[in-house]
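Note sheet for the following structure.
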Amino acid sequence: MTTLQYSLCLSGIVRREALRWLNQRGRFISALVRPLVWLAIFAAGFHFVLGVSIIPPYETYIPYEVYIAPGLLAMIQLFNGMQSSLSMVYDREMGSMKTLMISPFPRWFLLIAKLLAGVAVSVVQAYIFLAIAWFWDIEPPVSGYLAVLPALVLAGLMLGALGLVLSSFIRQLENFAGVMNFVIFPMFFTSSALYPLWRVAEASPAIYWLSEINPFTHATELIRFALYDRVNAVSAAIVAFYLIVFVVLAVWGYDPGRGLMARRAGAE
Amino acid sequence: MAPESVVLADRAALSPDAAPPLAVEGLSHAFGARRVLDEVSLTVGQGDFAVLLGPNGAGKTTLFALITRLYHSSKGAIRIFGYDIRRDPEAALRRMGVVFQQSTLDLDLTIEQNLFYHAALHGMRRSLAAARISEELARVGLDGRRRERVRQLSGGQRRRVELARALVHNPSLLLLDEPTVGLDMASRQFLLEHVRGLCLRQGLGVLWATHLIDEAGADARIVILHQGQVRAEGTHQEILARAQETSLKAAFDRLIADEFGKPGSQAP
């Protein structure tokens, strides 16, 4: 296969992901409505309950809406990562995985292309959310809109890779409700998305430490700092570390010789 | 190599003494303690319409998964035009077209979008892909409906789209796993005739798995698979002679029933 053929394959995979996203009106709308519900209802309710003191990257006191916006951006990517990877293995859609796997391109390349395609879609969604959030007075500096792009790409890749790992290892995740209960909610709630970790530390050191090792915390913090034109090097390094681990595990999980695909088939 | 020259090279390689489109040798596979395939050997020659006949649970789908490299077998070898599926998957998969038992089309995409995605997965240029897609869709009578979503098509039409898709990259070996399940008589007939025509006119090697005995016509090579073992392999006449029966139905029943005649086993 030539470099041209690799790029044709990659662009075909990205194109399909984009078309699917545009054509599935329900998925498109729910992806936007979900974070907006959190912003409009949840944040409004907690606006008066939770005060957020001045913590980096913020330079003044901020309303709660402003605090949770980066977490909601990360949530868009978490949902997207889970959906684009796991949708491939849901009973009836198991097919789309097969279509991908019988391509003559190396499997690691197909998985990474799939990952990039999911990220492309999630980044567009994130920007649409930011545009709407502007009306809720979430107004980061203009340069922040640009600076957040690499953060969204890195975080999106990591969360998408996590979805791929789960889709290769866990047979029980046959429907999205299971993913919500056992992956999305626990990750979301034990992170810095909804409350600053110093407050969590006061309440429960155990949950604090869980939050500290939670990749979703670092995806959120990476995005939060980037949105305000700052680099959170620690979070960036941790997200990159998890990304590498998840990609290696996903490639390993989908290796035809490892028997994970076979185990899945054997259980059918 | 560009796809155009791949096609030419494949056609050139189809000399009588070239390696057969498909050679399976001593293939065994088990899911845990459950042995699904036991020393399976079979060959599909150039221009062969080979019918893999077996009741449900015979191991047909596992055999397809192994040939298409969804996962590897525990023992044995699979060669496509001499290329070992484990050692040279790219060369093997490039020459193979597959129609899986369950539909693997994206219901929310149009016929054309589904086919372009497949072409991209084979590294085909868009212009070449467009020409091949028109050609294959015209052959299954769906060229005029290429911009319709797959969801709007009937079961028979979806199958025809899948067949067209499997042929877009000009494979020399075509694998179909129970392609007629759930189809009406007319659609079944159309598929059978179309695929047999490909064997005759283009010298395509075909492996057609089914549990419907009447799909094995007089010109077919027949492989009878039962409980993971090849019970018989040969032409229609050879199978009848082997079972000393006059109809294929009776021969099939006798060949798969042998097992039940053994002492200590269940009566049929």
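On a predicted model such as this, the values are computed, not experimentally measured, just so you know.
Counting non-hydrogen atoms of neighbouring residues, nucleotides and ligands closer than 6.0 angstrom, the OH atom of Y83(B) reaches no more than 12 such neighbours. Within a 6.0 Å sphere centred on CG of L36(A), heavy atoms belonging to other residues, nucleotides or ligands number more than 12.
In this structure, CZ on R16(A) lies 8.5 Å from CG on L121(B), to the nearest 0.5 angstrom. If you take CD on Q102(B) and NZ on K98(A), they are separated by 5.5 Å, rounding to the nearest 0.5 Å. Once rounded to the nearest 0.5 Å, the distance linking CD1 of I102(A) with CG of L175(B) reads 8.5 Å. Here the CZ atom belonging to R20(A) is positioned 4.5 Å from the CG atom belonging to D106(B), to the nearest 0.5 angstrom. In this structure, T99(A) OG1 and H118(B) NE2 are separated by 9.0 Å, a value rounded to the nearest 0.5 Å. Once rounded to the nearest 0.5 Å, the distance linking OH of Y117(B) with CG of L100(A) reads 4.5 Å.
Among all heavy-atom pairs drawn from P104(A) and L93(B), the shortest one is CA-CB, 3.9 Å. Pairing each heavy atom of G12(A) with each of A120(B), the nearest pair is CA-CB, 3.5 Å. Minimum interatomic distance between G123(B) and Q5(A) (heavy atoms only, all atoms of both residues): O-CG, 3.3 Å. The two residues L19(A) and L109(B) have their closest heavy-atom pair at CB-CD2, 3.7 Å. The two residues R94(B) and M1(A) make their nearest non-hydrogen contact at CD-CE, 3.8 Å.
Only the side chain of Q113(B) comes within less than 4.5 Å of a heavy atom in chain A; its backbone stays farther off. Heavy-atom distances place the side chain of L110(A), and not its backbone, under 4.5 Å from chain B. Interface residue F100(B): only side-chain heavy atoms are found under 4.5 Å from chain A.
Ranked by non-hydrogen atom pairs under 4.5 Å with chain A, the options Q101(B), R165(B), R126(B) are led by R126(B).
A heavy-atom distance below 4.5 Å is found between the side chains of R125(B) and L4(A).
Using a distance-only test at 3.5 Å, with no hydrogens or angles considered, a donor-acceptor pair links the side chain of N23(A) to the main chain of D108(B).
With sequence neighbours excluded, the residues that form a ring pair (Phe, Tyr, Trp, His ring centres under 6.0 Å) with F246(A) are Y242(A). Qualifying salt bridge (charged side-chain N to carboxylate O under 4.0 Å, His left out) partners for R132(B), counting only residues two or more places apart in sequence or in other chains: E135(B), E136(B).
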